[in-house]
Amino acid sequence: MEPTSLSGLPSGVGEALEAEGVADLYPPQAEAVGAGLLEGENLVAAVPTASGKTLIAELAMLSAIERGGTALYIVPLRALASEKRAEFERFEEFGVTVGVSTGNYDSDGEWLATRDVIVATSEKVDSLIRNGAPWIDDLSCVVSDEVHLVNDRSRGPTLEVTLAKLRRINEGLQTVALSATVGNAREIADWLDAALVDSDWRPIDLRIGVHANGTIDFDDGSRTEVPVGDPPTDDQTAALVDDALGTVEDGQGGSSLVFVNSRRNAESAAGDLAAVTRRHLEESERAELDALAEEIRSGSETDTGETLADAVESGAAFHHAGLTSAHRELVEDAFRDRLIKCICATPTLAAGVNTPARRVIVRDWRRYDGEFGGMKPLDVLEVHQMCGRAGRPGLDPYGEAVLLANSAERSEELFDRYVWADAEPVRSKLAAEPALRTHVLATVATGFASTRDGLFEFLTNTLYAEQADDDHHLRSVTDGVVEYLVANDFLERDRDGDRDAIAATSIGHTVSRLYLDPMSAAELIDGLRAASGGSGTDTDDATTAADRGDGVQYAPNEDSAEKTQDFVTYGRVDGNDGREEADSEAPDGRPELTPLGLYHLVSRTPDMYELYLKSGDEKRYTQTYHEREDELLGPAPSEYEEVRFDDWLASLKTARLLEDWATEVDEDRIAERYQVGPGDVRGKVDTAEWLLRAAETLGREIGLPDDAVAAVRDARKRVEYGVREELLDLAGVREVGRKRARRLYEAGIESRSDLRTAEKATVLGALRGRERTAETILENAGREDPSMDDVRPDASAAAAATAGTAGNDGEGGNGQSNLGDFR
DNA sequence: GATTCTCGGCTATAGACAGCATGTC
DNA sequence: CTATAGCCGAGAATC
């Protein structure tokens with residue numbers, strides 16, 4: 001089937017596709033068209049990665065637009081949103097406009113309502129529905145990419161519920177779901193009332209094999225000898241990477257992607273493989289790689305950045321979530337440009353943006369899982385996704401994916417477990433409590449249900465209902481969740497005879513719109529109330545606490561993997577305990593609201609990803625806890641309740657990280673002190689900022705005194721800018737961050753108004769003589785005459801600025817570190 | 001005597017969405 | 001917690 005023969009597309013699109021090289025539709029694409037894709041029919045396409053899924057989506061969206069409609073494309077990751085936007089923008093010449101909406105990025109500030117195609121993450125779509133975005137009920141086509149992720153424990157339910165809501169709001173909505181090949185694609189199609197295209201077809205062949213004893217055995221029966229040699233090719237991975245680079249004759253070498261199971265392994269393997277890739281570099285590449293390494297080093301002066309730069313110089317790299325997003329992008333781009341020959345990655349890369357490789361090596365097939373209690377084999381689906389990254393379109397005749405085995409027996413096991421095996425079926429995880437907590441509240445708050453029965457009726461639109469034999473489990477968990485939400489004043493229930501009405505309270509609406517987990521909101525509200533005991537919300541508080549006292553019990557959850565949530569306190573503990581803090585009360589009788597206290601509060605909500613307690617941390621933070629107990633909000637768990645107390649300490653560790661950031665400790669110091677990557681620091685800071693903003697809104701809503709709300713705002717701003725209190729004003733000026741603010745301050749410029757009146761020489765000196773920067777900053781501060789012409793930097797200001805920022809580690813020096821060298 | 005090998009003990013363990021209002025060195 | 005691999009240092013084996 002030729003693209004030009006398709007009807008229902010904007011004119012010229014068929015020809016344009018042909019010009020791109022789409023001579024014939026791939027078989028699955030043709031099948032999709034046959035199933036009515038261009039006439040608005042629902043479709044589930046379960047096909048391998050890189051076999052033309054995107055074109056299926058594009059055809060559906062373009063035909064919908066041609067009929068005068070608009071389309072929504074749902075992606076699982078923010079990084080994929082921008083990738084898809086770039087792809088779709090090639091249709092702009094046919095008048096198709098594209099917009100992106102994710103948490104950290106909204107398209108051009110233009111109204112999304114005017115766009116023909118909107119790309120968004122599932123959470124963002126959910127949030128847009130909750131906040132009543134005007135265009136959300138005016139869609140004619142929705143595409144859900146990677147729909148098999150409804151299987152994901154934490155984020156799957158959101159996708160599932162969001163699709164159900166979109167389909168309910170939009171009459172006649174065309175639903176197109178793209179999935180990896182899974183065991184039960186039929187079931188997903190039934191759920192979405194869709195035709196099914198289920199195919200293993202690939203445009204580029206993929207051979208999957210296992211390497212053992214110097215030989216790769218492939219699934220098609222072929223064998224390739226890849227002997228393990230002398231250093232640096234003295235282990236399986238190195239030999240395979242070396243082999244891929246050596247055997248491809250296109251002069252560019254075959255790149256490899258190595259999947260490992262931990263960040264540390266990724267980093268150490270990249271270091272080892274650097275010795276291999278180095279041997280295959282050409283002179284010109286070395287120079288480019290040096291430049292790239294330099295760029296990496298300049299981006300973030302951390303250990304991680306340094307290690308990465310070292311590997312990159314030799315043409316290897318690692319990739320994991322501890323990298324800053326800038327570093328990640330540099331690595332991905334250089335790999336696509338074939339400059340970097342080998343990436344060692346954690347599974348971030350398998351699910352992320354498109355990074356095809358000649359050879360994929362799945363080195364580790366087990367990963368530590370705390371809930372499982374040990375090393376758990378990866379899902380078949382996950383391994384298949386990794387393998388699917390093999391084969392670069394237009395470059396490779398076929399892709400190779402190789403699993404590593406250390407013996408013939410292990411090799412056989414891997415063949416059975418992964419090579420011959422079908423992917424697991426996708427199972428809805430909606431009945432898990434944390435998911436229902438959030439979605440029951442949102443469903444009621446957004447008006448999808450106003451009675452208990454209505455709630456269950458809505459839930460029958462989900463995959464869960466499609467899959468469940470009976471809905472008893474879902475009903476009992478839902479009832480428990482409703483009780484929890486009522487006990488925390490997020491929902492109101494009005495039972496009168498046959499009526500069983502449920503409505504969201506005002507605070508419930510707020511929580512839903514803020515996109516908070518209700519449990520986080522409850523934790524925040526309790527913490528804030530504990531710190532402002534005298535406020536007029538006391539009676540309310542007492543009632544709720546009493547309700548809780550009766551014991552809101554949950555039906556035991558059959559899902560054993562719910563474990564992590566089990567020990568989290570449900571709701572609040574008696575509000576009075578929080579006010580019994582002995583010696584920490586402000587003169588008016590309530591505990592002080594310090595930044596640390598607030599950071600700890602947001603860190604212990606389920607919306608904040610936990611930091612591990614490493615060896616020695618337990619001791620360290622128990623001490624910190626005793627020293628600063630007064631600042632923490634609400635009652636601490638007893639030290640004898642080990643699990644909950646450890647959680648409390650882990651939150652305290654996170655809080656200390658945030659406090660360090662807000663007292664201008666350097667990023668690399670923090671990364672080292674808490675043994676996290678620079679990307680993790682940014683992540684924590686971002687999340688804290690978000691939660692503190694939510695806390696501010698909630699605080700106002702529950703009638704917190706103004707000074708308390710102000711304290712929350714200050715703590716939030718200090719995290720946002722990463723500065724001490726005295727720099728808040730300066731850091732609010734555009735182009736002035738934590739570093740520049742401190743330099744200016746040390747040079748005697750302490751506020752925005754100082755910037756307007758200060759000697760220009762002083763400003764310039766503090767900013768290291770950068771005229772353009774200084775001019776921009778003065779302008780942003782509202783100065784009349786920002787020009788720096790003929791101004792000479794003041795040397796003493798420069799000296800003061802440098803003295804104030806040098807070697808800031810938050811504590812005094814590091815005199816200890818040399819003792820070990822003594823011997 | 002210096003280098004390599006081996007073994008036992010210790011340690012650490014993947015990922016990343018959202019709000020809101022504009023901008024790092 | 002139902003585990004395991006990497007790393008490090010100490011002592012043994014080897015040159």
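Everything numeric in this text was worked out from a predicted model, so none of it was measured.
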Contact class for A/T102 vs. all strands (heavy atom < 4.0 Å): base, sugar-phosphate, or nothing?
-> sugar-phosphate
Just checking A/D126: base, sugar-phosphate only, or nothing, at a heavy-atom cut-off of under 4.0 Å?
-> nothing
Any A/Y599 side-chain heavy atom under 4.5 Å of A/M608 side chain = no
Counting Watson-Crick and G-U wobble pairs only, both distances under 3.5 Å, name the nucleotide matched with C/dA13, or none.
-> B/dT3
C/dT2 -> Watson-Crick or G-U wobble partner, both distances under 3.5 Å, gives none
When you check the phosphate oxygens OP1 and OP2 of B/dA18, does a side-chain N or O of A/T121 lie under 4.0 Å from one of them?
-> yes
Under 4.0 Å: is that the gap between some side-chain N or O of A/R78 and OP1 or OP2 of B/dC17?
-> yes
Ignoring hydrogens and angles, state whether a donor on the side chain of A/S520 or A/D607 is under 3.5 Å from an acceptor on the partner side chain.
-> yes
Please check the phosphate of B/dA12 (OP1 and OP2 only) for any side-chain N or O of A/S615 closer than 4.0 Å.
-> yes
Remember a base hit wins even if backbone is also touched, and classify A/S268 as base, sugar-phosphate or nothing at under 4.0 Å, heavy atoms.
-> sugar-phosphate
Checking all strands, does A/R716 fall into the base, sugar-phosphate, or nothing category for heavy-atom contacts under 4.0 angstrom?
-> nothing
Looking only at N and O atoms, is any donor in the side chain of A/R367 or the base of B/dA14 less than 3.5 Å from an acceptor on the other one?
-> yes
Would you tell me if any nitrogen or oxygen in the side chain of A/K376 comes within less than 4.0 Å of OP1 or OP2 on B/dT13?
-> no
Taking OP1 and OP2 of B/dG15, is either one under 4.0 Å from a side-chain nitrogen or oxygen of A/R328?
-> no
Choose from B/dA12, B/dA18, B/dG15 the nucleotide whose nearest atom is closest to any side-chain atom of A/R263.
-> B/dG15
With the side chain of A/P347 defined as its heavy atoms from C-beta on, choose the nearest nucleotide among B/dC17, B/dA16, B/dA14.
-> B/dA14
